[in-house]
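Predicted model, so just to flag it, every value in this text is computed and none were measured. Heavy atoms only: backbone and side chains are in, while hydrogens, waters and symmetry mates are out. If you read the sequence from its start, that first residue is 1, and numbering goes on from there.
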Amino acid sequence: MASPFIELEVGERTVKVTNPDKVYFPGIGATKRELVEYYVSVGEGALRALKDRPTNIKRHPDGVQTEAIYQKRMPPKHPDWLQSVTVTFPSGRTAQSLRVTEVAAIAYCANLGTIDFHPWQVRAADVEHPDELRVDLDPMPGLEFDAARRAAFLTRDVLGELGLTGFVKTSGNRGVHIAVRIEPRWDFIQVRHAGIALARAVEARDPGLVTTAWWKEERGERVFIDFNQNARDRTVASAYSVRAQPHAPVSTPVTWDELADADPRDFDIRTVPARFAKLGDVHAAIDDRAYSIEPLLELYAGDERGDMPYPPNYPKMPGEPMRVQPSRARAVTREDKPS
């Protein structure tokens, strides 16, 4: 027997939604159909965040209670109108990645069970030069959203003093993401260095609240600024991306005024469409101006601490410090000492 399905008109496309009544989010009983219809309802904003970007998709074809399929390559079977772009991974291998060009592409992927969309910080026209600087504020265990909120306002202050404007959103969990549109003139290494400089400048404002420590054993109960989200093939959930949790939270763009008392639990696939219908995309101006990162690169160049460790799946990078946990490094040093 064929699977039940419905068809949705999305722009000029007809998108088939199979098994529309399957429950994807057991915490609120939300179905696959609700997921697809959610993305169509916020399509203008979701497309602005994903447009022409290589995009990884995180799929849960049987709902969020099942294991995820994290897909970096184009779905092997897809309609002719779904577009792709060639990307190069840190290993040097290349692949065809999904390139989102229209809302129907988002709806099509949602029908495949895609909950989260994770775009690269580049666009298809130039995949070697990022046009977005990303700040990922991640509260360590023991901290709640308010800690990330306070770190976000510190970040806004630093950005403002450098003449930069950041656009803020909830992560969909306890964290906060800030995006700065930048001129696509610098490569991944340079943009990552700019991210390190910004993170260190924010940390200096309140080292009791914020940390840039890559190793978890050194972070304590602080908000970690994940500077490595600016490295090649590192991504964060896009604006308006649903997150794979039972209550279907959404990574939601907010204004800086709203952030002051925002509660991420208020933003889910059932509340955000009404908010979007009322306010539109509060990040609509993000593409109005692209900034230079020269001020941040000057800060990095003047910092004698130099580079920070890369994630473990990266090849050893020029100028990178030893990639080993500090406690293990100390243990090795003690063993090397003569008795």
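The ring pair (Phe, Tyr, Trp, His ring centres under 6.0 Å) test applied to Phe5 returns no partner, not counting sequence neighbours. Every residue meeting the ring pair (Phe, Tyr, Trp, His ring centres under 6.0 Å) condition with Trp256, not counting sequence neighbours, appears here in chain and number order: Phe153.
A pairwise comparison of heavy atoms in Tyr240 and Gly280 identifies OH-O, 4.2 Å as the closest pair. Taking all atoms of both residues into account, the shortest heavy-atom contact from Arg219 to Trp214 is NH2-O, 2.6 Å.
By the 4.0 Å N-to-carboxylate-O rule, Arg234 lies close enough to Asp226 to be salt-bridged with it. With respect to Lys32 and Asp21, no salt bridge is recorded, no charged nitrogen being found less than 4.0 Å from a carboxylate O. Between Glu161 and Arg156, no side-chain nitrogen of the basic residue sits less than 4.0 Å from a carboxylate oxygen of the acidic one, so the salt-bridge criterion is not met.
Using cut-offs of 30° and 60° on the angle between ring planes, the pair Tyr39 and Phe117 is perpendicular. Under the 30°/60° scheme for interplanar angles, the aromatic rings of Phe167 and His283 are found to stand perpendicular. Relative ring orientation between Tyr314 and Tyr310 is described as tilted, the plane-to-plane angle lying within the 30° to 60° band.
In the hydrophobic clustering of this structure, Val135 groups with Leu259; members are Ile, Leu, Val, Met, Phe, Trp, Tyr whose side-chain heavy atoms approach within less than 4.5 Å, directly or through other members.
More than 12 heavy atoms of other shown residues, nucleotides or ligands fall within 6.0 angstrom of atom CD in Glu7.
The NZ atom of Lys22 sits 12.5 Å away from the CG atom of Leu35 when rounded to the nearest 0.5 Å. Between the CD1 atom of Ile57 and the CD1 atom of Ile115 there is a distance of 11.0 Å, given to the nearest 0.5 Å.
A side-chain N or O of Thr86 and one of Gln96 form a donor-acceptor pair less than 3.5 Å apart.
Note: Phe227 and His193 fail the aromatic proximity criterion, with ring centroids not under 6.0 Å apart.
Using a 4.5 Å cut-off on side-chain heavy atoms (C-beta onward), Arg232 and Val87 make no contact.
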